[in-house]
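Before any comments, here is the structure.
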Amino acid sequence: PASHGRRTAAELVLAGYLKWGEDCFAHLSGIFAIALCDRAEGKCLLARDHFGAKPLAYSVNGERLAFASEFSPLLALQPERRTNRRALLEFQLHGDILPPATIYDGIRTIPHGHYLSIERGKNSPQLKSYFNAFDVVSQSAYDRLAGLGAKRFLDELDAAMHESIQSNMAGGGPIGVALSGGVDSATLTAIAARHGDIQAINVSVPHGRNLDERPMAEAVARHVGVALSVVTMSGDLYRRELVDATLANEMPFWHVQNLGYYLASRR
């Protein structure tokens with residue numbers, strides 16, 4: 001709280017905007033979806049984080065622009081609900097839809113690393129980029145890392161992962177970590193356990209021995225000393241939860257595992 005000498009996230013964004021203007025989004029670190037109204041300048045800005053972890057969608061109907069973190073409230077404002085057939089074809093071919101398109105006609109999403117500028121008196125909002133991965137993933141960056149040697153490279157990678165995971169654990173409340181038992185989730189769980197109390201969550205498929213990752217997850221949880229909560233998947237549970245999970249996702253699932261992620265997140 002600000003009264004305790006600490007600024008809230010909203011205050012920090014406003015301070016950054018006062019200092020850097022529209023360039024402030026490039027200075028932010030973390031995940032965010034921001035709506036910022038500047039009455040003095042007569043404009044509104046909608047910004048999405050560098051990699052699009054937070055959802056942010058909008059629709060324009062006549063002179064009214066609406067925005068939300070979900071499609072549902074925007075659909076309620078549409079005079080007619082229609083599927084974006086081109087986006088649907090893209091989803092069927094590639095399992096995803098590139099922003100700003102969505103599966104619905106009339107609803108667009110702000111791409112990652114972009115913000116939307118809506119200015120008073122202008123006919124249409126302007127989509128602007130503030131981050132491009134090619135600016136940081138370059139041949140020179142690769143050459144620098146390749147020249148470090150194995151020991152220094154691993155030390156730098158380790159430091160970066162600790163910093164990233166610790167920053168994602170900031171704030172109050174319990175922290176959950178999805179733990180399949182594979183290399184990626186095991187590494188994240190082990191690092192997270194060093195920075196706070198966490199609860200590991202695994203989705204078990206006991207009827208399919210080749211699919212069930214619970215034994216590996218239990219081994220990792222014991223090794224790093226964290227509690228493990230297990231969601232047991234069955235055919236009946238899958239069929240019972242599929243409709244609600246799809247509604248919550250607001251998109252067709254592209255992989256059978258998506259329902260498992262939904263149940264783990266709910267747990």
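Between E41 and R120 there is no salt bridge, since no side-chain N of the basic residue sits under 4.0 Å from a carboxylate O of the acidic one. Between E218 and R214, at least one side-chain N (NZ, or NE/NH1/NH2) sits under 4.0 Å from a carboxylate O, which counts as a salt bridge. Comment: R240 does not engage D236 in a salt bridge, judged by the lack of any side-chain N to carboxylate O separation of less than 4.0 angstrom. Ion pair E22/K43 flagged as a salt bridge, since at least one NZ, NE, NH1 or NH2 atom sits closer than 4.0 Å to an Asp/Glu carboxylate oxygen. A salt bridge is absent between E90 and R85; no separation between the charged side-chain nitrogens and carboxylate oxygens falls under 4.0 Å.
Surrounding CZ of F253 are more than 12 heavy atoms belonging to other residues, nucleotides or ligands, all under 6.0 Å away. Within 6.0 Å of OH on Y238 lie more than 12 heavy atoms contributed by other residues, nucleotides or ligands. Other residues, nucleotides and ligands contribute over 12 non-hydrogen atoms within 6.0 Å of the NE2 atom of H195. Counting non-hydrogen atoms of neighbouring residues, nucleotides and ligands closer than 6.0 angstrom, the CG atom of D197 reaches no more than 12 such neighbours. Shown here is H223, whose NE2 atom has no more than 12 heavy atoms of other residues, nucleotides or ligands within 6.0 Å.
Between the side chain of D49 and the main chain of K54, a donor-acceptor pair closer than 3.5 Å is present. In this structure a side-chain-to-backbone donor-acceptor pair under 3.5 Å is present from E250 to S72. Under the 3.5 Å distance criterion, the side-chain polar atoms of H114 are matched with a main-chain donor or acceptor of H112. A donor-acceptor pair under 3.5 Å is formed between the side chain of H255 and the backbone N or O of Q257. A donor-acceptor pair under 3.5 Å is formed between the side chain of D212 and the backbone N or O of V205. Panel note: side chain S167, backbone S164; a donor-acceptor pair is recorded below 3.5 Å. Q199 places no side-chain N or O within donor-acceptor distance of the main-chain N or O of G176, the cut-off being under 3.5 Å.
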Open item on the list: Apply side-chain hydrogen bond (donor to acceptor under 3.5 Å, both in side chains) to residues S185 and S180 and explain how you reach the verdict.
Closed with: CA-CA 6 Å; S185 66; S180 69; 3.1 Å; yes

TODO: Report the C-alpha distance between L145 and L148 in whole Å, list the side-chain angles of each, state the deciding distance to 0.1 Å, and finish with yes or no for side-chain contact (heavy atoms from CB on, under 4.5 Å).
DONE: CA-CA 5 Å; L145 292 172; L148 290 178; 3.9 Å; yes

Task: Test log, rule side-chain contact (heavy atoms from CB on, under 4.5 Å), inputs L88 and I103 - done: CA-CA 6 Å; L88 181 60; I103 203 167; 4.0 Å; yes

TODO: Could you walk me through whether V13 and I34 pass side-chain contact (heavy atoms from CB on, under 4.5 Å), step by step?
DONE: CA-CA 9 Å; V13 171; I34 295 169; 4.0 Å; yes

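Here the closest heavy-atom approach between residue A193 and residue I198 is recorded as N-CD1, 3.9 Å. Contact detail for R48 and Y130: the closest heavy-atom pair is O-OH, 2.5 Å. Listed here is the closest heavy atom pair of A200 and L179: CB-CD2, 3.9 Å. In terms of heavy atoms, L56 sits closest to A47 at CD2-O, 3.4 Å. Smallest separation of non-hydrogen atoms from N61 and L77: ND2-O, 3.8 Å. Residues S59 and Q78 approach most closely at CB-OE1, 3.8 Å, considering heavy atoms.
A centroid separation of 6.0 Å or more is found between the aromatic rings of F25 and H50.
For the pair Q166 and M161, the minimum side-chain heavy-atom distance is 4.5 Å or more. Within the 4.5 Å cutoff, no side-chain heavy atoms of T246 are placed close to those of V243. Side-chain contact between L237 and L263 is present, with heavy atoms from C-beta onward closer than 4.5 Å. Side-chain contact between V224 and T189 is present, with heavy atoms from C-beta onward closer than 4.5 Å. A 4.5 Å side-chain heavy-atom check between I107 and L75 finds at least one atom pair inside the cut-off. Looking at heavy atoms from C-beta onward, Y58 lies in side-chain contact with V60 at the 4.5 angstrom threshold. Residues L46 and L36 have side chains not in contact (no heavy-atom distance under 4.5 Å, counting atoms from C-beta outward). Using a 4.5 Å cut-off on side-chain heavy atoms (C-beta onward), P99 and R108 make no contact.
Under the 4.5 Å side-chain heavy-atom criterion for ILVMFWY residues, no single connected hydrophobic cluster contains both I31 and I110. L242 and V256 fall within a single hydrophobic cluster, where Ile, Leu, Val, Met, Phe, Trp and Tyr side chains are chained together by heavy-atom contacts under 4.5 Å. Connection of L65 to L74 is not established within any shared hydrophobic cluster, with ILVMFWY side chains joined at heavy-atom distances below 4.5 Å, either directly or through further cluster members. Criterion: ILVMFWY side-chain heavy atoms under 4.5 Å apart, direct or through other members. Under it, Y115 and W20 are not part of a common hydrophobic cluster. Residue F51 is grouped with residue L28 when hydrophobic side chains (ILVMFWY) are merged at heavy-atom distances under 4.5 angstrom, including chains of intermediate members.
With rounding to the nearest 0.5 Å, the separation of CZ in R86 from CD1 in I97 is 11.5 Å. For the atom pair L247 CG and Y262 OH, the distance stands at 8.5 Å (nearest 0.5 Å). With rounding to the nearest 0.5 angstrom, the OG atom of S117 is 7.5 Å from the CD atom of Q126. With rounding to the nearest 0.5 Å, the separation of CZ in R266 from CD1 in I201 is 12.0 Å. Taking CD1 from I191 and CD from E163, the interatomic distance works out to 12.0 Å, rounded to the nearest 0.5 Å. Rounded to the nearest 0.5 Å, atoms CG (N168) and CD1 (I165) are 8.0 Å apart.
Residues D38 and Y17 bring a donor and an acceptor atom of their side chains to less than 3.5 Å of each other. Inspection of the E213 and S204 side chains reveals no N or O donor paired with an N or O acceptor under 3.5 Å.
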